[in-house]
K.L.:
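One structure, pasted below without further comment.
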Amino acid sequence: MHLDKISTMVDKVFKKSIIKQFEFDEEVASVFDDMLNRSVPFYKEMQRLSINFACNFLEENDKVYDLGCSTASTLIELSKHCKNNLKLIGIDNSSAMLNRASKKAKAFGVEIDLVNADLHDVSFDDAKLILSNYTLQFIRPLQREKLVKKIYDSLQNKGIFIFSEKVISSNSTLNKQSIDEYYEFKKTQGYSEFEISQKREALENVLIPYTEEENKKMILDAGFTHCETIFKWVNFATFIAIKK
Ligand SMILES: Nc1ncnc2c1ncn2[C@@H]1O[C@H](C[S@+](CC[C@H]([NH3+])C(=O)[O-])CC(=O)[O-])[C@@H](O)[C@H]1O
Ligand SMILES: O=C(O)C(=O)Cc1ccccc1
């Protein structure tokens, strides 16, 4: 069975008038896989690259954490593609997401320790790999720097942190063009202008993107010796950071 077959509900969350901020609630969780596939350009390719790079570093019984694991798609794919046995831990603070994660993991026969917690309140001990795709962007800036320091401290020597983020440009003209380009992408995915503008409003002050340079600075400031962009499409980027 393919992973896509499990969540078939189409994202219609922003078709109706919305007055609240964006939340990872039951309604969003029930359509989340479709939302991510249609809202993040090259999501599948970015996930494939994260997993391939990760597998190159992983050894038997290594501990892998996915921070903001949502419906556990990445950990399930990772376990399918890596030849080694891994200890998989998924952390998220949305019960609605973790309910789906648990059902999917069971359906695919993958053992994942799913932890319902705020990323600020848990430790990620003895990790060889920490993954976090499109999650840091939801953490307030000061807290984000602290969390990245904790990620660095939790990794073994030679440990790896792979993460993806929506990014902005420090050049306002390019930034505007990037947003326009992204909205064109969303239209090709079947979202209407109304849905696009409603979601943009709901995400205001909830999703706080950094520039690519700010992300790299945050990583190096935390102590990592190396940080590289392994994938970028306009305003979406995937980074790999290495601890010495
Ligand atoms: N403070 C927090 N503590 C714990 N979880 C949190 C916190 N803040 C947000 N989350 C969780 O982070 C996830 C972000 S989605 C990740 C996609 C996934 N990585 C994927 O590749 O499928 C990205 C997006 O929706 O753009 C949600 O499940 C939140 O509940
Ligand atoms: O959809 C958007 O506008 C985004 O910025 C990406 C996204 C994807 C899924 C949840 C939240 C944000």
Side-chain angles (χ1 to χ4, degrees), residues 3-4 6-7 11 13-14 18 21-51 54 64-78 89-101 104-105 112 114-122 124 130-140 143-144 146-147 150-151 162-168 178-179 181-187 189-193 195-204 206-209 231 233-238:
L3 204 51
D4 287 344
I6 287 247
S7 171
D11 167 24
V13 175
F14 293 95
I18 300 274
Q21 285 194 321
F22 187 85
E23 267 183 72
F24 293 100
D25 55 13
E26 178 58 38
E27 190 185 14
V28 165
S30 68
V31 297
F32 188 71
D33 292 1
D34 178 62
M35 177 183 277
L36 217 53
N37 275 311
R38 287 167 59 218
S39 305
V40 177
F42 297 98
Y43 174 75
K44 280 266 157 10
E45 177 60 9
M46 169 289 297
Q47 188 187 58
R48 192 189 69 78
L49 285 170
S50 314
I51 288 169
V64 176
Y65 290 81
D66 187 358
L67 314 186
C69 66
S70 299
T71 65
S73 306
T74 307
L75 288 177
I76 294 171
E77 285 293 328
L78 179 70
I89 303 120
I91 307 175
D92 206 289
N93 65 352
S94 160
S95 316
M97 289 289 191
L98 291 180
N99 281 340
R100 275 168 184 80
K104 270 167 61 173
I112 304 176
L114 293 166
V115 182
N116 188 341
D118 192 298
L119 295 172
H120 306 301
D121 302 335
V122 277
F124 326 120
I130 298 183
L131 276 164
S132 194
N133 285 333
Y134 301 108
T135 298
L136 293 183
Q137 60 192 21
F138 293 103
I139 308 286
R140 312 252 118 222
Q143 300 294 323
R144 198 179 304 181
K146 270 198 212 151
L147 178 59
K150 182 163 82 173
I151 290 170
I162 296 178
F163 67 107
S164 301
E165 289 280 288
K166 194 171 178 181
V167 293
I168 45 170
S178 299
I179 293 168
E181 193 63 44
Y182 176 50
Y183 290 167
E184 282 308 311
F185 165 82
K186 285 189 102 170
K187 281 193 214 158
Q189 298 300 306
Y191 288 115
S192 66
E193 291 197 9
E195 286 175 284
I196 295 171
S197 80
Q198 290 238 97
K199 189 170 183 195
R200 185 189 58 219
E201 262 179 59
L203 283 170
E204 195 87 34
V206 176
L207 191 166
I208 305 165
F231 181 81
W233 181 90
V234 190
N235 57 339
F236 288 83
T238 300

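Keep in mind that the numbers below use all heavy atoms, side chains included, and drop hydrogens, waters and symmetry copies. Counting starts at 1 for both ligands and their atoms, in listed order. Along the sequence shown, the residues carry numbers beginning at 1.
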K.L.:
For D25, enumerate each residue passing the side chain to side chain donor-acceptor pair (under 3.5 Å) test, keeping only those at least two apart in sequence or located in another chain.
P.N.:
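For D25, the residues satisfying side chain to side chain donor-acceptor pair (under 3.5 Å) (neighbours in sequence not counted) are K20.
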
K.L.:
Checking F138 now: which residues fulfil ring-ring contact (aromatic ring centres under 6.0 Å, His included) with it, not counting sequence neighbours?
P.N.:
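Partners of F138 under the ring-ring contact (aromatic ring centres under 6.0 Å, His included) test: F24.
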
K.L.:
What I want to check is whether the side chains of Y191 and D11 have a donor and an acceptor closer together than 3.5 Å.
P.N.:
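D11 and Y191 do have a side-chain donor-acceptor pair below 3.5 Å.
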
K.L.:
For L36, take its heavy atoms, then give the atoms of ligand 2 lying under 4.0 Å from any of them.
P.N.:
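Under 4.0 Å from L36, ligand 2 has these atoms: 9 (C).
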
K.L.:
Run the salt-bridge test on R144 and E165 with the 4.0 Å N-O cut-off and return the result as yes or no.
P.N.:
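Yes.
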
K.L.:
Would you please determine whether R200 falls within less than 4.0 Å of ligand 2 on a heavy-atom basis?
P.N.:
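No; R200 lies far enough from ligand 2 that no heavy-atom distance drops under 4.0 Å.
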
K.L.:
Between the side chains of R100 and D33, is the shortest nitrogen-to-carboxylate-oxygen separation below 4.0 Å, so that they form an ion pair?
P.N.:
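Between R100 and D33 there is no salt bridge, as every charged N stays at least 4.0 Å from the carboxylate O atoms.
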
K.L.:
Write out the residue and atom name of the closest protein heavy atom to atom 5 (O) of ligand 2, then the distance separating them to 0.1 Å.
P.N.:
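Answer for atom 5 (O) of ligand 2: K166 NZ, 2.5 Å.
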
K.L.:
For a quick test of reading the model, state the closest non-hydrogen atom pair linking N37 to Q189 and the distance between them.
P.N.:
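Heavy atoms of N37 and Q189 come nearest at O-OE1, 4.3 Å.
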
K.L.:
When you measure from the side chain of Q198 to the backbone N and O of F14, does any donor-acceptor pair fall under 3.5 Å?
P.N.:
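Pair found, side chain donor or acceptor close to backbone of F14.
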
K.L.:
Suppose I only count heavy atoms of S39 and a 4.0 Å limit; which atoms of ligand 2 are within that range?
P.N.:
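Counting atoms of ligand 2 from 1, those under 4.0 Å from S39 are 1 (O), 8 (C).
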
K.L.:
Give the residue and atom name of whichever protein heavy atom lies nearest to atom 8 (C) of ligand 2, and the separation in Å to one decimal.
P.N.:
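The closest heavy atom on the protein side is K199 NZ, 3.5 Å.
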
K.L.:
Quick one: ring-ring contact (aromatic ring centres under 6.0 Å, His included) partners of F236, sequence neighbours excluded?
P.N.:
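If we apply the ring-ring contact (aromatic ring centres under 6.0 Å, His included) test to F236, skipping adjacent residues, the hits are Y134, Y182.
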
K.L.:
So which protein heavy atom does atom 3 (O) of ligand 2 come closest to, and at what separation?
P.N.:
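Ranking protein heavy atoms by distance from atom 3 (O) of ligand 2, first comes K186 NZ, 2.9 Å.
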
K.L.:
Please list, in number order, the atoms of ligand 2 under 4.0 Å from a heavy atom of L203.
P.N.:
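So the atoms of ligand 2 that pass are 2 (C), 3 (O), 4 (C), 5 (O), 12 (C).
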
K.L.:
For ligand 1, what are the residues with a heavy-atom contact below 4.0 Å?
P.N.:
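Within the 4.0 Å shell of ligand 1, which is judged on heavy atoms, sit F24, F32, L36, Y43, G68, S70, T74, D92, N93, S94, M97, A117, D118, L119, N133, Y134, T135, Q137, F138, I139.
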
K.L.:
Assess the side chains of S178 and N235: does a donor N or O sit below 3.5 Å from an acceptor N or O?
P.N.:
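The criterion, which ignores hydrogens and geometry beyond distance, is not satisfied for N235 and S178.
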
K.L.:
Taking 4.0 angstrom as the limit, do R48 and E77 come out as a salt bridge?
P.N.:
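Answer for the salt bridge query: no.
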
K.L.:
Looking only at heavy atoms of Y182, does any of them come nearer than 4.0 Å to an atom of ligand 2?
P.N.:
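It does; at least one heavy atom falls under 4.0 Å.
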
